[in-house]
Amino acid sequence: MLIRLQTKEMQKEMNFEKGKKAIDILKSFGSLTATTVAAKFNGELIDLEREIGGDGEISPIDSNSPDGLHILRHSGAHLLAQAVTELYPNAKPVIGPVTEDPPGFYYDIRMEALNEGDITKIEEKMRELAHKNYKIDRRELSKNDLVELFRSNPYKVELIRENVPDGASSSVYVQGDFTDFCRGPHVPSTNYVNAFKLLSTSTAYWRGKEENDSLVRIYGTAFPTMDALKDYLRMTEEAKKRDHRKLGTELDLFVMRPEYGPAFPLYTPKGTILRNELIGFMKELNKKYGWEEIWTPHAFKTTLWQKSGHMAHYQENMFLMEIEKEQYGMKPMNCPGHILLFQRKSWSYRDLPIRFSEFGTVYRYERSGVTSGLLRVRSMTQDDGHAFVRADQIESEVGNLLDMVTEVFINTFRISEVKYKLSTRDEKNKEKYTGSTEIWERATTALKGALDKRNLNYDVKEGEAAFYGPKIDVDVRDALGRYWQLSTIQLDFFMADKDHFDLKYIDENNQPQQPIMIHRAIFGTLDRFLGVIIEHFAGSFPPWLSPVQVRVLNISEGNKAYGEEVHSNLLNRGIRAEGDFSGDTINKKIRTAHGSKIPYLIIVGDKEASEKKISVRDRKDKQKNMIDLNVFIENIEIEIKRKDPELNICK
RNA sequence: GCCACCGUGGCUCAGUCGGUAGAGCAGCUGAUUCGUAAUCAGCAGGUCGGGGGUCCGAAUCCCUCCGGUGGCUCCA
């Protein structure tokens, strides 16, 4: 048979007899290295030990390549399961996939809960098994034989029954005494997986359903080399320093008092400056994009929440209370209040879109295990907005909102890792949704059109739409690599309908029509957004956001008066400035200021005082000596106005 | 809500086999006024998340509740 070798560097052809193993073929081509973990034959990833049956194109898969890493980690998961089954004979491995983000793998296993010591033990066992270097063999078995082989493991049996067609066969992989139902491919033997680490455990539910058996999930990761593993672990350690909860305390931005209100953040004066700057920024955008600001109360009688459907669909997340024998609810969303304002008069088709925005604080009971710092809280302020539009306006309205999203995330904050998600309805389950097929299709097309027109990459999540309409979400990752939803643009065919608020506008034929509602939030919530940008900037905020923009330091007591003069000049010009005129040494003052991540330090000593100049040192230790205070102020004013992410003055 | 881990002064941590708490930073006071990442000395501050139990005696063991962290589930 004729085999062509295809690698990045070269292309070669040779003849082999049928049934030759991939590993031998690659060897003959001189294309096998210590880091070759598998092969690709005619587009299919295969084990190195696989016999080749005919003509085709082959290439080696290196453990440094994406495919190779995937295989390596998958084998890591098997090694983990092997270790667990050796240590705990009653354990029943269920599934062990590779994860991309974070890079690694996990294995779900039905067994007794594990503690940290057990994890160490398992890791040691894995190391031992890796050193023993078991061959990893693929075997092909019929469906019946597979079911028979795994008869003591009901989860595997279920998976086999589901995934292998009747009469067909599938593969198992064997390493030592451990056999797993698996499509493969895998590395040739266990010592290929030598740079690995187990990271954590948790529970997971069988098939992800809370009512099912709970399984122990063990997370781990593996890399081609020890160095790569160490680099990764060092990186994750570094990332932890950016954690907004840690920085929030260090920089004195917010506090939590869980004994009085779990997941109810309180913002300090500094944290409130950040919030207010964000609000100010969004107010500019609202004005620019035609959103009128309104204000609505934080609680209503449940009659409103009944009408809006929240009592029916969201009650378990609401804070309810009884006052004078009447039931009230804290608002979990702002939309019903906005609707009440929409209803205050009648609208012509020419008036639409009507756009209401509000920095609306909402209260939601979130289950105790799900809250997290500022990223998932129970009281949160949304930069909320509701547009009431005609069907023909959906696309342009959504387009405008996407432009707002771009202004915020890309142009201003330069957050590159944004994920756009388009959630559509489950086409197999249409009765779950409200609204006609026609409006769903029209709306979904409009959302796609708006995204496409802007060349935004997005994932379509079929079946993830809310029952009341399709939506676009924007997710951003935090320091620990978790994605959180920030912006959202949701269409709503529900609240305006005749069974709820029965909203109307008068069309060009003088007929009443039901408007479509668009719920939107760009930051999402100030709370979550703040959490994300604390981590994004690692606490080193650009001057426009920074709670303290400048700190004045005097060299010694003799320069205190001049320092105070500089300080008050800054304050008079509206710069957020502090003075550190304590008895500390200048070294100490600089060190302290560094810890507070203040963008600019103004240092004044005898030289500066005598010539009425200042010296400026920025957060990155760039310095400019003996400049004019007014020049400095003019420059920082420009940076603030531009929302410049860079510090330019000392460059 | 589920599983694991954790909960000591404002912050970061130490507290060995159970014998009624230690440190650094921050704070305060005093001395020093010193040119660019921690001047020196002193003082004050906690009963160890809450409750219950075991014990002569518990921060240290047990139970329970409340919180936090990582996942899972959830996020009309």
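Every chain is numbered from 1, with letters handed out A, B, ... down the list of sequences.
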Please report the distance separating the C1' of B:C28 from the corresponding atom of B:G10, rounded so that it comes out in whole Å. 14 Å
Residue A:R217, side-chain heavy atoms: nucleotide from B:G71, B:A37, B:C75 that is nearest: B:G71
Could you check how far CG of A:L553 sits from C1' of B:A38, rounded to whole Å? 14 Å
Just name whichever nucleotide pairs with B:U60, Watson-Crick or G-U, keeping both distances under 3.5 Å, else none. none
Does the cation-pi check pass for A:R217 over A:Y205, that is, NZ or CZ under 6.0 Å from the six-membered ring centre and within 45° of its axis? no
Check: A:Y483 main-chain N/O paired with A:E417 side-chain donor or acceptor under 3.5 Å: no
Any strand counts, and the cut-off is 3.5 Å on both contacts for Watson-Crick or G-U wobble. Which nucleotide pairs with B:G24? B:C11
Main-chain N/O of A:A204 paired to A:D108 side chain as donor or acceptor, under 3.5 Å: no
Kindly point out which of B:U36, B:G1, B:C3 is positioned nearest to the side chain of A:S368? B:G1
Counterpart base for B:C5, defined by Watson-Crick or G-U wobble contacts under 3.5 Å: B:G68
Report which part of the nucleic acid A:D606 touches: base, sugar-phosphate, or nothing (heavy-atom distance under 4.0 Å, all strands). base
I'd like to know if A:S200 reaches the base of B:G71 with its side chain such that a donor and an acceptor end up less than 3.5 angstrom apart. no
P atom, B:C74 versus B:G46: distance in rounded Å? 46 Å
Could you walk me through whether A:Y267 and A:D527 satisfy the side chain to side chain contact (heavy atoms under 4.5 Å, CB included) test, starting with their C-alpha distance in whole Å, then the side-chain angles of each, then the deciding distance to 0.1 Å, before giving a yes or no? CA-CA 10 Å; A:Y267 293 90; A:D527 310 84; 2.5 Å; yes
Answer yes or no: does a side-chain N or O of A:T585 lie under 4.0 Å from OP1 or OP2 of B:U39? yes
Base partner of B:C48, which must satisfy Watson-Crick or wobble distances under 3.5 Å: none
Any strand: nucleotide that pairs with B:C74 via Watson-Crick or wobble, under 3.5 Å: none
Distance check, P atoms only: B:C13 and B:G1, in whole angstrom units. 27 Å
Within the 4.0 Å heavy-atom criterion, would you say A:G469 contacts the bases, only the backbone, or no part of the nucleic acid? nothing
Counting only side-chain heavy atoms from C-beta out, which of B:U39, B:G35, B:A37 sits nearest to A:K607? B:G35
Taking the C1' atom of each, how far is B:A58 from B:G49, in whole Å? 16 Å
What contact category does A:G208 fall into here, base, sugar-phosphate, or nothing, at under 4.0 angstrom with non-hydrogen atoms? sugar-phosphate
Determine the contact category for A:N317: base if any of its heavy atoms lies under 4.0 Å from a base atom, sugar-phosphate if only primed atoms, P, OP1 or OP2 are that close, otherwise nothing. nothing
Quickly work out the A:R378 CZ to B:C66 C1' distance and round it to whole Å. 12 Å
Answer with base, sugar-phosphate or nothing: what part of the nucleic acid does A:E608 contact at a heavy-atom distance below 4.0 Å? base
Give A:E210 one of three labels, base, sugar-phosphate or nothing, depending on what nucleic acid heavy atoms sit under 4.0 Å from its own. base
Among B:A76, B:C2, B:G70, which nucleotide has an atom closest to any side-chain atom of A:L480? B:G70
The side chain of A:R591 lies closest to which of these nucleotides: B:C72, B:A38, B:G35? B:A38
Interatomic distance, A:E316 CD vs B:C75 P [rounded to whole Å]: 9 Å
I need the CD-P distance between A:Q315 and B:A76, as an integer number of Å. 16 Å
Could you give the distance separating B:G52 and B:U69 at their C1' atoms, to the nearest angstrom? 27 Å
Can you check whether A:R367 has a side-chain N or O nearer than 4.0 Å to OP1 or OP2 of B:C75? no
Okay, side chain of A:R242, backbone of A:E535: is any donor-acceptor separation there less than 3.5 Å? yes
Choose from B:U36, B:A76, B:G71 the nucleotide whose nearest atom is closest to any side-chain atom of A:I603. B:U36
Ignoring the backbone of A:Y314, work out which of B:C75, B:G35, B:G67 is nearest its side chain. B:C75
When the P atoms of B:G18 and B:A59 are considered, how many whole Å apart are they? 13 Å
Phosphate OP1/OP2 of B:G67 contacted by A:R257 side-chain N/O (<4.0 Å): no
Just compare B:A37, B:A4, B:A76 and give me whichever is closest to any side-chain atom of A:F494. B:A76
Expressed as a whole number of angstroms, how long is the span from A:K588:NZ to B:U36:C1'? 15 Å
Just to be sure I understand the rule, does A:D118 reach a base, reach only the sugar-phosphate, or reach nothing, if contact means heavy atoms closer than 4.0 Å? nothing
Do A:K421's NZ or CZ and the ring of A:Y458 fall within the cation-pi criteria of under 6.0 Å and 45°? no
Mind checking A:R482 for me? I need base, sugar-phosphate or nothing, with any heavy atom below 4.0 Å counting as a touch. sugar-phosphate
Can you tell me, in whole Å, how much space there is between the P of B:U32 and that of B:A44? 23 Å
Rounded to the nearest Å, what distance is computed from the CD1 atom of residue A:I555 to the P atom of nucleotide B:U32? 20 Å
Using the P atom as the point on both nucleotides, what is the distance between B:A26 and B:C40, in whole Å? 11 Å
Could you tell me whether A:M318 contacts a base, only the sugar-phosphate backbone, or nothing, with contacts defined as non-hydrogen atoms closer than 4.0 Å? nothing
To the side chain of A:Y205, which of B:U36, B:C34, B:C72 is closest? B:C72
A:H594, nearest nucleotide to its side chain (from B:U73, B:G35, B:A37): B:A37
Can you check whether A:R617 has a side-chain N or O nearer than 4.0 Å to OP1 or OP2 of B:A37? yes
Could you tell me how far apart A:F254 (CZ) and B:G68 (P) are, to the nearest whole angstrom? 13 Å
Could you check whether A:A113 gets within reach of a base, just the sugar-phosphate, or nothing at all, counting any heavy atom under 4.0 Å? sugar-phosphate
Within the structure shown, what part of the strands sits under 4.0 Å from A:Y106 by heavy-atom distance: base, sugar-phosphate, or nothing? nothing
For a side chain to side chain contact (heavy atoms under 4.5 Å, CB included) check, start with the C-alpha distance between A:K430 and A:R425, then their side-chain angles and the critical distance, and finish with the verdict. CA-CA 7 Å; A:K430 290 183 185 172; A:R425 71 173 170 175; 3.9 Å; yes
Would you mind reading off the distance between A:I218 atom CD1 and B:C5 atom C1', rounded to a whole angstrom? 15 Å
Touch class at under 4.0 angstrom, heavy-atom based, for A:M333 against every strand present: base
Counting Watson-Crick and G-U wobble pairs only, both distances under 3.5 Å, name the nucleotide matched with B:C40, or none. B:G30
So, does A:D618 use its side chain to make a donor-acceptor pair with the main chain of A:D621 at under 3.5 Å? yes
Decide if atom NZ of A:K197 counts as having more than 12 heavy atoms of other residues, nucleotides or ligands within a radius under 6.0 Å. no
Considering every strand and a 4.0 Å limit on heavy-atom distances, what is the contact class for A:G583: base, sugar-phosphate, or nothing? base
Can you find a donor-acceptor pair, distance only, under 3.5 Å between A:S214 side chain and B:C3 base? no
Criterion side-chain hydrogen bond (donor to acceptor under 3.5 Å, both in side chains) against A:Y468, the qualifying member of A:H519, A:H500, A:Q490: A:Q490
